[in-house]
Amino acid sequence: MTMVDNAVYVHGRRTASPGSLDETYAVMRNQSGMAWIGLYRPDPFEVHSLAAEFDLHQLAVEDALQGHQRAKLERYGETLFAVLRPARYLDDVEKVEFGELHVFVGADFAVTIRHAESPNLARVRRRLETESGLLALGPQAILYAILDEVVDQYEPVLSGLQNDIDEIENELFGSNPDVTRRIYELSREVIEFQRATHPLRGMLEALLRGSDKYAMDLELQRRLRDVLDHVLLLIERVDGFRALLQNALTVNTALVGQQQNEEMRLLTESSLAQNEEVKKISSWAAILFAPTLVGTVYGMNFTNMPELEWAWGYPFALGLMLLLGVILYLSFKSRRWL
C-alpha cells in the first residue's frame, strides 16, 4: 500500500483517518466531508480507483501514472490537475535534486501523488490542521498550502546555487581545468530550475483569474498573491543565475583561448630557437665535412693518381680543404646561419 496519510475533514477538522480508499469513500459520503488522500508512487490500481470515484479525466490519470511531466496546471471540468517540480539542494554532492508532485483538487477532495522524497507534505498537513479556519475553505486551501511549501523549499536551493556560482567566480582566474565542466553542469541545473519555476507564474495567475468564476475565498486570493510575489522574485533570481553563468562561460572561454595562445607563442619561440641551433650545427658539420671529403679522396692511394707524384700535391690538398671551408663559412654567414 502506498498511502502515506489519509483523512476526512469536516469544517476544517479531521474526523476520520480511514485505512483504505474504499473506507475513505464511504466516510466521505456519510459525513459529507472533504478527503485529503496522500499517496507515494502508487500502483495503477489505486490511481484507477481514485479516477473512478472522483471522475478524474483520463489524460490527467495517464500523466499521473507515467510521471516525468513538466510543471503545469490544467482544469478538467470542476477538477484541477497540477504538476509541480519540487527541488532540494544536496550539500554533500553540491547538486540539485528535482522531484515531481501531482495534485488533483475537486469540490470535496484533494489527492496528492508524490514521485520523489520532496516536498514534505506531512508538514503541510500539520500546518493546515492547526489552522482549521483555513482548511475549512476547502480543497483549494490545500492546493495553496502545497504551492506555498514548494516555493518555500526553493529558497535553500537558491542559496546553494548562489554559493556554487560564487565558487566558480573565484575559480575562473585560478587556472582550474575543471571549471568549464562545472560551469556547464551548473548551467544545466539552473535551466532545469527555470523549467520548474517559470510555469508557476502562469499557474498562480490562472488561479487568480478564475477566482471569481470558481468562487475562491478572498483570503485564499490574498495568500495566492503572496505566493505569486515570491515566485516573481524567485524567477528573477534564477534568470540572473543563468546570465551570470553565461558570462562566466564566456570569460572562461576567453581565458582558455588566451592561455592556449600563450602556450603556442612559447612553443613557437622554442621551435625557432631549436631551428637556429640546428642551422648552426648543420653549418659547422658541412664546413668540417669539406676537408674530410678532400682527405678521403687523397687517402685512397690509387696507383694512377697524378697528384701523388706532384711536388705541390700536399700543399694543394691542404689549400683546397681550407678554401672549401672558407667558402662554406662565408656562404652560411651570408645566410645568417652562423
Side-chain angles (χ1 to χ4, degrees), residues 1-10 12 14-86 98-122 124-125 128 135 137-147 149-150 196 199-200 202-204 206-207 210 213-216 220:
M1 187 69 172
T2 60
M3 187 179 299
V4 178
D5 198 353
N6 183 29
V8 175
Y9 300 89
V10 177
R14 183 188 285 240
T15 59
S17 300
S20 66
L21 292 178
D22 290 337
E23 185 180 350
T24 301
Y25 307 150
V27 173
M28 281 180 62
R29 298 188 191 97
N30 293 335
Q31 297 184 359
S32 298
M34 174 189 70
W36 182 357
I37 303 170
L39 302 176
Y40 176 70
R41 293 179 178 173
D43 57 48
F45 174 80
E46 293 171 312
V47 176
H48 287 303
S49 173
L50 291 168
E53 177 66 25
F54 299 126
D55 193 25
L56 304 180
H57 196 279
Q58 182 61 34
L59 294 177
V61 172
E62 290 178 1
D63 288 345
L65 288 173
Q66 293 175 2
H68 305 291
Q69 302 295 313
R70 61 178 178 83
K72 61 182 179 179
L73 177 69
E74 297 174 339
R75 181 178 289 277
Y76 297 95
E78 296 298 319
T79 302
L80 281 172
F81 173 60
V83 178
L84 303 175
R85 298 298 307 279
F98 294 93
E100 187 171 342
L101 174 65
H102 298 173
V103 184
F104 292 92
V105 173
D108 56 355
F109 69 89
V111 177
T112 56
I113 300 175
R114 283 192 299 122
H115 291 274
E117 299 302 322
S118 62
N120 186 357
L121 295 183
V124 177
R125 192 184 289 264
L128 284 177
L135 188 55
L137 297 178
Q140 290 183 340
I142 297 175
L143 178 60
Y144 147 73
I146 292 173
L147 286 167
E149 177 69 16
V150 169
L200 290 175
M203 294 165 63
L204 289 163
L207 287 172
K213 180 178 179 180
Y214 296 100
M216 180 183 292
L220 273 182

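This chain uses plain numbering: 1 for the first residue, then up along the sequence.
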Applying side-chain contact (heavy atoms from CB on, under 4.5 Å) to Asp63 and Val83, what does each step give before you reach the verdict? CA-CA 9 Å; Asp63 288 345; Val83 178; 5.6 Å; no
Discussion item. Is there a side-chain contact (heavy atoms from CB on, under 4.5 Å) between Leu73 and Leu204? Walk through the geometry before answering.
Written reply: CA-CA 9 Å; Leu73 177 69; Leu204 289 163; over 6 Å; no
Exercise. Test side-chain contact (heavy atoms from CB on, under 4.5 Å) on Tyr9 and Leu135 and set out the steps.
Key: CA-CA 9 Å; Tyr9 300 89; Leu135 188 55; 3.5 Å; yes
### Verdict with supporting geometry, Arg114 and Val4, side-chain contact (heavy atoms from CB on, under 4.5 Å)
CA-CA 10 Å; Arg114 283 192 299 122; Val4 178; 4.0 Å; yes
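The distance between the ring centers of Tyr25 and Phe109 does not fall below 6.0 angstrom.
Atom CD1 of Ile142 is separated from atom CG of Leu137 by 10.5 Å, given to the nearest 0.5 angstrom. Here the CG atom belonging to Leu128 is positioned 5.0 Å from the CH2 atom belonging to Trp36, to the nearest 0.5 angstrom. Rounded to the nearest 0.5 Å, atoms CG (Leu39) and OG1 (Thr112) are 6.5 Å apart. Between the CG atom in Leu143 and the CE atom in Met203 there is a gap of 7.5 Å [rounded to 0.5 Å]. Atom CG in Asp108 sits 12.5 Å away from atom CD in Gln31 (nearest 0.5 Å). Between atom CG of residue Leu21 and atom CD of residue Glu53 there is a gap of 9.5 Å, rounded to the nearest 0.5 Å.
Under the side-chain contact (heavy atoms from CB on, under 4.5 Å) rule, Leu56 has a single partner from Val111, Val61, Val47, which is Val61.
Every residue meeting the salt bridge (Lys or Arg N to Asp or Glu O under 4.0 Å) condition with Asp5, not counting sequence neighbours, appears here in chain and number order: Arg14, Arg125. With sequence neighbours left out, Gln69 forms a side chain to side chain donor-acceptor pair (under 3.5 Å) with no residue at all. Every residue meeting the side chain to side chain donor-acceptor pair (under 3.5 Å) condition with Thr24, not counting sequence neighbours, appears here in chain and number order: Asn6.
With hydrogens and angles disregarded, a donor-acceptor distance shorter than 3.5 Å links the side chain of Glu100 to the backbone of His68. Looking only at distances, a side-chain donor or acceptor of His115 sits under 3.5 Å from a matching main-chain atom of Ala64. Between the side chain of Arg75 and the backbone N or O of Phe81 there is no donor-acceptor pair closer than 3.5 Å. At least one donor-acceptor pair closer than 3.5 Å links the side chain of Glu46 to the backbone N or O of Asp43.
Taking the side chain as every heavy atom from C-beta outward, Phe104 and Ile113 approach each other to under 4.5 Å. Within the 4.5 Å cutoff, side-chain heavy atoms of Ile146 are placed close to those of Val103. Counting heavy atoms from C-beta on, the side chains of Leu207 and Gln140 never come closer than 4.5 Å.
What you find for Pro18 and Val8 is that their closest heavy atoms are CG-CG2, 4.1 Å. Nearest heavy-atom pair, Pro139 versus Val105, reported as atom, atom and distance to 0.1 Å: CB-CG1, 3.5 Å. Between Ala116 and Gly99 the shortest heavy-atom distance is CB-CA, 3.5 Å. Residues Ala196 and Ala71 come closest through the heavy atom pair O-CB, 4.0 Å.
Around CD of Glu23, the count of heavy atoms belonging to other residues, nucleotides or ligands within 6.0 Å exceeds 12.
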